[in-house]
J.: 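Mind looking over this structure? Questions follow.
Worth knowing before you read on, the calculation uses all heavy atoms, side chains too, and leaves out hydrogens, waters and symmetry mates.
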Amino acid sequence: RRAAKSSAGEHSGDAAVFAVHRIAAAICSERKRAKEMFGGLTIQAVFLVVIGAALLVTGTSGLRRSIRMKKQKAQRTGKILRISHVEKRDEEGFLIQNYYETRIEYVENGHRQQATVKSVDEFQEGEEVRILKDNERGGQLRIVENEKSAVFGPWILIGAGILIISMPFVQKQYGSAILAALMFLTGAALCASYGKDKKRNTEEIKAVLTDVLKWQNGQKKKWSTPAASYYPILTYTLDGKERRMRSRYNSSSPVNYKKGKEITLYRDLESGRILERGPKLSMLTGGIILILISAIGAISTLDVLGIL
């Protein structure tokens, strides 16, 4: 009986080993099939190509949009005629709508025209603002006074996309050179952004976080609820008049925004724009570190290739 049990145990162990071997063989077969499907590229390589393509598309789209806007002279000056505040709250007390219906007068083709636009910032009657006419969206107008500036411009995104896409197709010794180039581009962009912010002639404005807007993209369903983003509403005084604006930055949790918290804004004295962030030394430091690392990587690559 003991021999029978031992034989059964050995048989069971052999079956388990055989099953493991079959699973391993199946995994190898799937990996081989995936390689053939993507022309010999590994999953990591395909992932890099997808990321690079996404950056390339984003950069080229932004560049085409910028060129089109300049050709069409889409930006113009408008005058605030009247303004009406619209707000709505949910059961929890969060703002779910907070905007200003703003009536604007502007000149187009020598004729005065009027339009009503929705703005997340409060302006005063008689104030002049910059407006943008987006012909891709049926000539829709929007106020562009306090829009957030991008750190990475379209040319940086295009360059980074091309470099990332090329990584799987070059020899290994050139991979470090591409990585060094990516670090250099990122570092240069950070330093340039810091320099741009530093050159601005600004004055500090004290603001108070007075409310929080809850934004959900989509409708609540029986079994799912769309993710929410929370935007602080800031109140500040400009030229003796109190104003409100919705922050361009958000969080996935309202805990990060305490009502009554004081925040420093910056007014660009040349353009009149209200900026939420001034020059950050950490951005300059990070950029310099990336440039130094890229220089070390470039020297190392040249040494490996026997150029140095």
Side-chain angles (χ1 to χ4, degrees), residues 62 65-87 95 97-151 153-154 193 195-211 213 215 231-250 262-279:
R65 184 180 180 84
S66 177
I67 294 172
R68 191 180 298 114
M69 290 294 182
K70 287 180 180 179
K71 284 184 178 180
Q72 295 171 347
K73 297 181 180 180
Q75 198 170 114
R76 61 205 69 192
T77 301
K79 184 178 180 181
I80 306 292
L81 298 179
R82 58 181 179 272
I83 189 166
S84 175
H85 186 205
V86 178
E87 68 173 21
L95 282 171
Q97 286 186 4
N98 185 74
Y99 62 89
Y100 297 87
E101 285 191 349
T102 309
R103 190 69 177 173
I104 298 177
E105 183 181 69
Y106 62 98
V107 177
E108 184 170 9
N109 299 326
H111 301 284
R112 290 187 179 275
Q113 298 190 26
Q114 293 185 10
T116 300
V117 300
K118 293 180 180 180
S119 171
V120 295
D121 300 328
E122 182 180 7
F123 297 97
Q124 300 295 324
E125 293 182 5
E127 184 176 355
E128 289 191 347
V129 294
R130 292 178 302 151
I131 58 176
L132 185 69
K133 187 173 184 180
D134 193 344
N135 291 325
E136 290 184 351
R137 300 181 180 179
Q140 182 180 347
L141 294 173
R142 73 172 189 270
I143 299 175
V144 293
E145 282 299 312
N146 303 323
E147 291 193 345
K148 183 171 65 174
S149 300
V151 176
S193 181
K196 184 179 178 181
D197 291 341
K198 191 69 176 177
K199 282 175 63 178
R200 286 194 179 104
N201 183 19
T202 61
E203 66 173 356
E204 293 187 357
I205 298 176
K206 296 300 179 182
V208 179
L209 199 160
T210 53
D211 221 324
L213 173 72
W215 172 257
Y231 293 83
I233 304 298
L234 309 177
T235 301
Y236 62 97
T237 301
L238 185 65
D239 298 330
K241 296 182 179 180
E242 187 176 272
R243 302 192 185 201
R244 301 174 79 202
M245 65 176 285
R246 192 201 72 187
S247 174
R248 270 55 176 178
Y249 300 93
N250 65 79
E262 291 190 354
I263 295 173
T264 300
L265 301 176
Y266 302 87
R267 182 189 184 188
D268 190 324
L269 297 178
E270 294 181 6
S271 65
R273 293 178 59 195
I274 302 298
L275 310 171
E276 293 187 60
R277 295 184 180 179

J.: Check whether any side-chain heavy atom of Arg112 sits under 4.5 Å from a side-chain heavy atom of Glu105, and report yes or no.
T.: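 Yes, close enough: below the 4.5 Å cut-off.
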J.: Taking side-chain contact (heavy atoms from CB on, under 4.5 Å) as the criterion, tell me which of Ile263, Asn250, Leu209 meets it with Pro232.
T.: Leu209
J.: Can you name the residues that form a side-chain contact (heavy atoms from CB on, under 4.5 Å) with Arg277, not counting sequence neighbours?
T.: Tyr249, Lys280
J.: How far apart are the C-alpha atoms of Asp197 and Leu275, what are their side-chain angles, what is the distance that settles it, and do they pass the side-chain contact (heavy atoms from CB on, under 4.5 Å) test?
T.: CA-CA 10 Å; Asp197 291 341; Leu275 310 171; 6.0 Å; no
J.: Verify the distance criterion only: is there a donor paired with an acceptor across the side chains of Thr264 and Lys206 at less than 3.5 Å?
T.: yes
J.: Mark yes or no for whether Glu276, through its side chain, and Arg248, through its backbone, hold a donor-acceptor pair below 3.5 Å.
T.: yes
J.: Which value, rounded to the nearest 0.5 Å, describes the distance between Glu125 atom CD and Ile83 atom CD1?
T.: 8.0 Å
J.: Measuring from Glu87:CD to Tyr99:OH, what's the distance to the nearest 0.5 Å?
T.: 11.0 Å
J.: If we check side-chain contact (heavy atoms from CB on, under 4.5 Å) with Asp211, which of these qualifies: Leu234, Asn98, Leu95?
T.: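 Among Leu234, Asn98, Leu95, the one meeting side-chain contact (heavy atoms from CB on, under 4.5 Å) with Asp211 is Leu95.
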J.: Could you check Arg267 against Glu203 for salt bridge (charged side-chain N to carboxylate O under 4.0 Å, His left out), going step by step and ending with a plain yes or no?
T.: CA-CA 5 Å; Arg267 182 189 184 188; Glu203 66 173 356; 3.5 Å; yes
J.: Just how far is it from atom CD1 of Ile104 to atom CD of Gln114, taken to the nearest 0.5 Å?
T.: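 The CD atom of Gln114 is 10.5 Å from CD1 of Ile104, to the nearest 0.5 Å.
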J.: Please report the interatomic distance CD(Glu127) to CG(Leu238), rounded to the nearest 0.5 Å.
T.: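 Rounded to the nearest 0.5 Å, the CD-CG separation comes to 7.5 Å.
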J.: Passes side-chain contact (heavy atoms from CB on, under 4.5 Å), Tyr106 versus Ile131? Steps please.
T.: CA-CA 9 Å; Tyr106 62 98; Ile131 58 176; 3.8 Å; yes
J.: Mind listing the closest non-hydrogen atom pair of Gly278 and Tyr266 along with its distance?
T.: N-CE1, 3.3 Å
J.: Can you list the residues that meet the salt bridge (charged side-chain N to carboxylate O under 4.0 Å, His left out) rule with Glu204, with sequence neighbours excluded?
T.: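 Expected list: none.
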J.: To the nearest 0.5 Å, what is the distance between NZ on Lys118 and CZ on Arg142?
T.: 15.5 Å
J.: Can you check whether Ile143 reaches Phe123 side chain to side chain, under 4.5 Å on heavy atoms?
T.: yes
J.: Using side-chain heavy atoms (C-beta onward) and a distance below 4.5 Å, is Ile80 in contact with Gln124?
T.: no
J.: In Å, rounded to the nearest 0.5 Å, how long is the span from CE of Met245 to OH of Tyr231?
T.: 12.5 Å
